[in-house]
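Here is the naming used below: chain letters follow the sequence lines, and residue numbers restart at 1 for every chain.
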Amino acid sequence: MLVHGEIWTIKEQFVYPNEFIYWSIQIVMYPFITGLLAGAFILASLYHFLGIKELKEVSKFSLILSFALFFVAPIPLLLHLQLPFRGINVFLTPHFTSAISAFGLIYAAYGTVVAAEIWFIYRRYFVEMARSLRDKTDKRFSEKIKYIIFSVLTLGAYDVSVDALRKDEKAVKILAAVGIPTAFLLHGYAGFIFGSVKANALWMSPLMPFIFIMSAVVSGIALCMLTYIAVMEINKFLIKRKRTASLPFRSEKEIRRVEIYELRVTVKYLLMFMVVAITLEFFDLIFRGYTGVKSWEVLKNVIYERDFFNIFILQYGIGGVLPMFILLLPGLTVKRSVVGLILVLLGIFMMRWNVVIGGQMFSVTFDGYMHYKFPIIPHDYETFKEGLFGAILVGVMPFFLFWIFNKIAPVFDSQVKKT
Amino acid sequence: MNNSRREFLKDTVKAILLAGLPLSAFEVFKPEVFAATILKGNKGKQWAFVVDITKCVGCGMCVKACKLENEVPYDTTVSRTWIERYVVLKDGKVLTDSPMAGRDGYLKDDPQGQKIPKEDIARGFFVPKLCNLCRKSTCVQVCPVGASHYTPEGIVLVDREWCIGCGYCIMACPYGTRFFHPVYKTAEKCNICYHRITKGMNPACVDACTFGVRKHGDINDPNSEVRKIVLTERVSVLKDEYGTMPTTFYIGLDHTVR
């Protein structure tokens, strides 16, 4: 009979009989997804709260993307549970000395803020849609459904006078301001879950929440930019095929101009946060090496030898320094930024991987090692949900939701104006 | 409707409060829970454990007894208690292992599967491990749903009906005593046979040990053997740097023990 974790754990030297790699790919996906959602929200807030006008076009886009990611964030947690149907217990009897118990509260708070912000931004659009559909005689079935959806979304507030809209704007600003610390909390708390495990020498660090937050912003911005490019390219392609009727942009030239401008502005913020993230991580590493407590011997072995490729080649090299050069060199093009951004996301994913899996690569005996054999082809329920396919499922979900949300709350200004 | 807005809001608040009241709030009406709150019979008791390493021969009887008593599947590598073998070589290297949790004893001279010539060995010994009965246990601290909890006598139990299987407690225990039960899928740990000791019996491992390695008792009872040993002999605990305040004490602990 196999114990949970036994199937993908290979032990070396002295490891306690009960030790296995218990936290696998879904726990890698969890901070990756929450990082993306927190980062996307912060990017949106840079415009709404700080008033950085250049980010106007991306701000709605990233807010909706963040909302889509919000619904996916608890999925990896549920999938990693041994008894997923009991997940609700965390809300029923939260045990407040545990970091995980705060999840319900922080998650709900964040969701409320984002939903409210989106509502205030889109309220006018909802009202206009509901009114125009109401006035329409002989509605088709799909239009009837649409009318119901939009009139529910207005929540009965049909006042779109200049005064009311000004109040909306004020509300958005306040919500964005409240949202920034909430987003930091949501992800900083994910860092705290790891940083507070005193039994794990690699995780235990007061810097962990800050490292997580900074890398979250980096990954969130990168994902927003990538999705933005993808959407723009699809638009370009559709214009070429002359199916312009349903498109927010008039010409290919216009798209290219808007796209590259937004990219060049956003990439500055990306690089800024990236420098902070990498600095913090190196500070943590230097501090561990310098103080050299008991666990350093085994950590040194993991960081510089066993996990060297994952940490220094994939995370810092290909996923850190290389994209920095790609994005920093003058004359940034769309193709170059796509390559750079994918590498940034790879780097952040590897960071999550190296924290979660890397933290379980050594035994608490400090005298043995564990190797993770990532399940690719599933042969039972467990290797499916905690394997490649489970991870892909979680990775695809947000984009599916984004596609649906975009139908209700369009992310491009020009899309809104046309209606 | 002749309800005013104020009344409607009042009723809404009431409904939310009532709906928010979890069923577990009514737990106190269960006879056993009610009895436990009134009869504080076990108050003041603090179970502790003493392991005398100098007497252990690594026969594995305690592990066998534990697995059978507590229904931990026999042919799995996981176990609530286990025995480690330490072989210290003359060059200072330490070879440690615990195949199948030491269930079958150590009949071959093959630490970590290596053939070591007898003349290279400086010393060797066995260390039985179990729950360290921490007074400030990390496993209870990190349980998000309160499934891991203390009994009044300081034993940590896991509620199999409520554990969600997140594994946070397994990650948080510095002693590696926790694992997922292969059948119930919930966190599993040694509780020094709580179902036996509360009826005045010994834990299964204590009864199975022929050599008197394992002892348990109430450390607050002036007449208990455990208290006498802890007060008069030189005992130590494992990994006290984690601040968990263990009450499983060891006699003859070596610095190489992990």
Side-chain angles (χ1 to χ4, degrees), chain A residues 1-6 11-24 27 77-78 80-104 193-194 196-201 203-204 293-295 359-360 363-368 382, chain B residues 22-24 73-80 82 84 94-102 112 129 138 140-149 161-189 239 241-244 258:
Chain A
M1 184 180 270
L2 281 177
V3 184
H4 177 71
E6 201 169 352
K11 294 184 179 182
E12 250 180 83
Q13 297 175 34
F14 179 47
V15 178
Y16 288 136
N18 296 336
E19 267 186 293
F20 293 100
I21 292 180
Y22 286 106
W23 280 2
S24 60
I27 299 295
L77 282 182
L78 275 180
H80 112 277
L81 289 186
Q82 285 292 286
L83 298 155
F85 291 109
R86 289 192 192 169
I88 192 76
N89 292 7
V90 178
F91 301 95
L92 293 179
T93 56
H95 184 238
F96 285 115
T97 56
S98 167
I100 294 181
S101 71
F103 178 78
I193 288 181
F194 295 102
S196 63
V197 177
K198 61 182 167 190
N200 192 305
W203 292 346
M204 198 179 111
V293 292
K294 193 175 166 187
S295 57
Q360 297 172 83
S363 161
V364 281
T365 61
F366 297 156
D367 204 20
E382 205 144 77
Chain B
L23 283 177
S24 55
Y74 195 70
D75 283 325
T76 50
T77 53
V78 291
S79 183
R80 289 178 169 208
W82 68 97
E84 293 164 2
V94 187
L95 294 175
T96 319
D97 62 351
S98 182
M100 288 309 274
Q112 284 187 9
K129 293 272 183 83
T138 47
V140 172
Q141 185 187 26
V142 302
C143 178
V145 296
S148 282
H149 59 280
E161 302 283 308
W162 203 248
C163 171
I164 59 173
C166 67
Y168 205 12
C169 55
I170 301 177
M171 290 291 151
C173 175
Y175 306 100
T177 57
R178 284 181 169 241
F179 55 94
F180 280 126
H181 195 287
V183 178
Y184 301 109
K185 308 275 178 204
T186 51
E188 181 79 6
K189 71 178 281 290
K239 303 185 183 181
E241 66 270 24
Y242 289 107
T244 52
R258 301 290 181 167

Taking [atom1] in [X] as the centre, count heavy atoms belonging to other residues, nucleotides or ligands within less than 6.0 Å. Is the count above 12?
X: Met204(A); atom1: CE; answer: no
X: Glu241(B); atom1: CD; answer: yes
X: Phe96(A); atom1: CZ; answer: yes

Worksheet entry | salt bridge (charged side-chain N to carboxylate O under 4.0 Å, His left out) involving Asp97(B) - partner list, sequence neighbours excluded |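 For Asp97(B) the salt bridge (charged side-chain N to carboxylate O under 4.0 Å, His left out) partners, ignoring immediate neighbours, are Arg85(B).
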Against chain B, label [X] side chain, backbone, both or neither, depending on which of its atoms sit under 4.5 Å from a heavy atom there.
X: His80(A); answer: both
X: Asp367(A); answer: side chain
X: Ser196(A); answer: side chain
X: Val197(A); answer: side chain
X: Glu6(A); answer: side chain
X: Leu2(A); answer: backbone

Worksheet item: Between Glu188(B), His181(B), Lys185(B), which shows the greatest number of heavy-atom pairs under 4.5 Å with chain A?
Response: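 It is Lys185(B).
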Worksheet item: Between CZ of Arg178(B) and CD of Glu19(A), what distance do you get to the nearest 0.5 Å?
Response: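 Taking CZ in Arg178(B) and CD in Glu19(A), the distance rounds to 14.5 Å.
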Practice prompt. Answer yes or no: is there a donor N or O on one side and an acceptor on the other, between the side chain of Arg86(A) and the main chain of Cys163(B), under 3.5 Å?
Written response: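 Yes, the answer is positive, given that a donor and an acceptor are paired below the 3.5 Å cut-off.
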